[in-house]
Amino acid sequence: MSTGDGRPGRLEGKVCIITGAGSGIGQATALLFAREGARVVVADIDEGGAEETVRQVVAGGGDAVARVVDVADPPQARRLADDTAADLGRIDVLFNNAGISGVGTLHETTVELWERVLRVNVTGVFLVSRHVVPHMIEQGGGSIINMSSAIAEIGLANRASYAASKGAVLALTRSMQVDYAPHGIRVNALLPGTIHTAFVEKYLRESYPSREEGLAVIRKRQLTDEIGRPEDVASAALFLASDESRFVLGSALFVDGGMRGGK
């Protein structure tokens, strides 16, 4: 698939798995990757969301297939990797985007919430990567993008389980890169700030007296008054997925509106 201006796509011919691609950042990334020539595997636990993303990709002239997957389930993670390699011949890019929220201070966080957040956000990255990596080693390379968060580097109120999970993802990313660089596999992390998705809308409802008050707080803690969009993160993921980032290994790419700088 060529882009609208006739140039070859930046992901021309690459097979890309995106988890959590049924909505939000994952959906925006699937649409962008497809426009740039990728064959996209849209993986999500929500079948309707995955199929809607595929519908939008196909409507735009792209190539995508839906896979219903719980990334934290070992057999399902294995099937996602093995079926993609069998059906499409290779796996060039894995974007471990699937994740869930966890709201509460440490002493308010139940064991059940703690384990659920860590299971999806960390174990899910581990499991899918564990089964994708052998295919990338066999073919001689690939790019893995793990979804961390700016919260891995800063403190943020009422996010104990989520912060712990995203810090773990960042540390795992760096460890993976050391192990897999000899095989031509690049492993990098994306660290978004607050991005306007359904995920964040849920956070605003749960954490503040009103949505408007929550948005005001978000604007105060970053250097821009704009709220990030899913497309902002998708563009960063495109860079890490493409050959343009061939010299970027084990990096943490912030897409946070200057959240770390403060005001």
Side-chain angles (χ1 to χ4, degrees), residues 1 9 11 13-101 116-117 119-132 135 142-147 165 169 190 192 195-203 229-238 240-241:
M1 180 180 178
L11 300 178
K14 291 185 184 292
V15 175
C16 303
I17 297 174
I18 305 173
T19 67
S23 63
I25 292 169
Q27 184 176 79
T29 304
L31 294 170
L32 180 59
F33 279 19
R35 287 198 299 272
E36 292 290 342
R39 305 169 72 188
V40 181
V41 177
V42 176
D44 203 288
I45 198 169
D46 176 8
E47 182 176 10
E51 291 182 347
E52 171 58 21
T53 298
V54 169
R55 186 195 67 76
Q56 292 186 37
V57 168
V58 172
D63 184 355
V65 61
R67 293 283 185 267
V68 179
V69 179
D70 177 354
V71 296
D73 180 79
Q76 293 187 47
R78 177 186 287 274
R79 281 197 298 272
L80 173 62
D82 292 351
D83 288 354
T84 298
D87 295 344
L88 301 180
R90 58 189 297 111
I91 303 171
D92 297 290
V93 177
L94 168 62
F95 182 15
N96 284 307
N97 167 72
I100 61 173
S101 178
R116 184 165 69 251
V117 171
R119 183 176 67 87
V120 175
N121 294 2
V122 184
T123 303
V125 171
F126 160 72
L127 287 172
V128 178
S129 299
R130 182 172 185 267
H131 295 298
V132 165
H135 295 288
S143 174
I144 297 176
I145 307 162
N146 293 329
M147 181 61 87
S165 73
V169 168
L190 282 174
I195 307 299
H196 199 175
T197 63
F199 186 96
V200 167
E201 283 291 339
K202 181 174 183 291
Y203 163 65
R229 303 168 301 151
E231 291 77 12
D232 295 321
V233 186
S235 294
L238 173 60
L240 293 177

Exercise: identify the closest heavy-atom pair between A38 and C16:
CB-SG, 3.7 Å

Specify the closest pair of heavy atoms between Q27 and G49, including all atoms of both residues, with the distance to one decimal.
NE2-O, 4.5 Å

Got S23 and E52 here, is their nearest side-chain heavy-atom distance under 4.5 Å?
no

Provide the closest heavy-atom pair for T197 versus P230 in the form atom of the first, atom of the second, distance.
CG2-CG, 3.8 Å

Any side-chain heavy-atom pair of V69 and I45 under 4.5 Å:
no

Under 3.5 Å, is there a donor-acceptor pair between the side chain of E47 and the main chain of V68?
no

Test R67 against D87 for side-chain contact (heavy atoms from CB on, under 4.5 Å), laying out the working first.
CA-CA 12 Å; R67 293 283 185 267; D87 295 344; 3.0 Å; yes

Rounded to the nearest 0.5 Å, how far apart are CZ of R78 and CZ of R130?
7.0 Å

For R119, does the CZ atom sit with more than 12 other heavy atoms under 6.0 Å from it, leaving out its own atoms?
yes

About how many Å separate CG of L94 and OG1 of T19, when rounded to the nearest 0.5 Å?
6.5 Å

Closer than 3.5 angstrom, by distance alone: can the side chain of D92 be matched with the main-chain N or O of K14 as a donor-acceptor pair?
no

Can you check whether V42 reaches I18 side chain to side chain, under 4.5 Å on heavy atoms?
no

Checking L31 against Q56 for the side-chain contact (heavy atoms from CB on, under 4.5 Å) test, could you report, in this order, the C-alpha distance in whole Å, the side-chain angles of both residues, the deciding distance, and whether it holds?
CA-CA 7 Å; L31 294 170; Q56 292 186 37; 3.5 Å; yes

Has the side chain of N121 got a donor or acceptor atom that lies under 3.5 Å from a matching backbone atom of I100?
yes

Under 3.5 Å, is there a donor-acceptor pair between the side chain of T53 and the main chain of A21?
yes

Write down the atom of V54, the atom of V65, and the distance for their closest heavy-atom approach.
CG2-C, 3.7 Å

Criterion side chain to side chain contact (heavy atoms under 4.5 Å, CB included) against I17, the qualifying member of I144, V40, T84, V93:
T84

How close do R229 and I195 get, heavy atom to heavy atom, and via which atoms?
C-CG2, 3.4 Å

Answer whether the closest heavy-atom distance between the side chains of L11 and L238 falls below 4.5 Å.
yes

So, do E231 and L32 sit near enough that their side-chain heavy atoms are less than 4.5 Å apart?
no

Is a donor on one side and an acceptor on the other found under 3.5 Å between the side chain of N146 and the backbone of N96?
no

Determine whether T29 and N97 make a side-chain contact, defined as any pair of heavy atoms from C-beta on separated by less than 4.5 Å.
no

Of all the heavy-atom pairs spanning L190 and A237, show the shortest one and how long it is.
CD1-CB, 3.8 Å

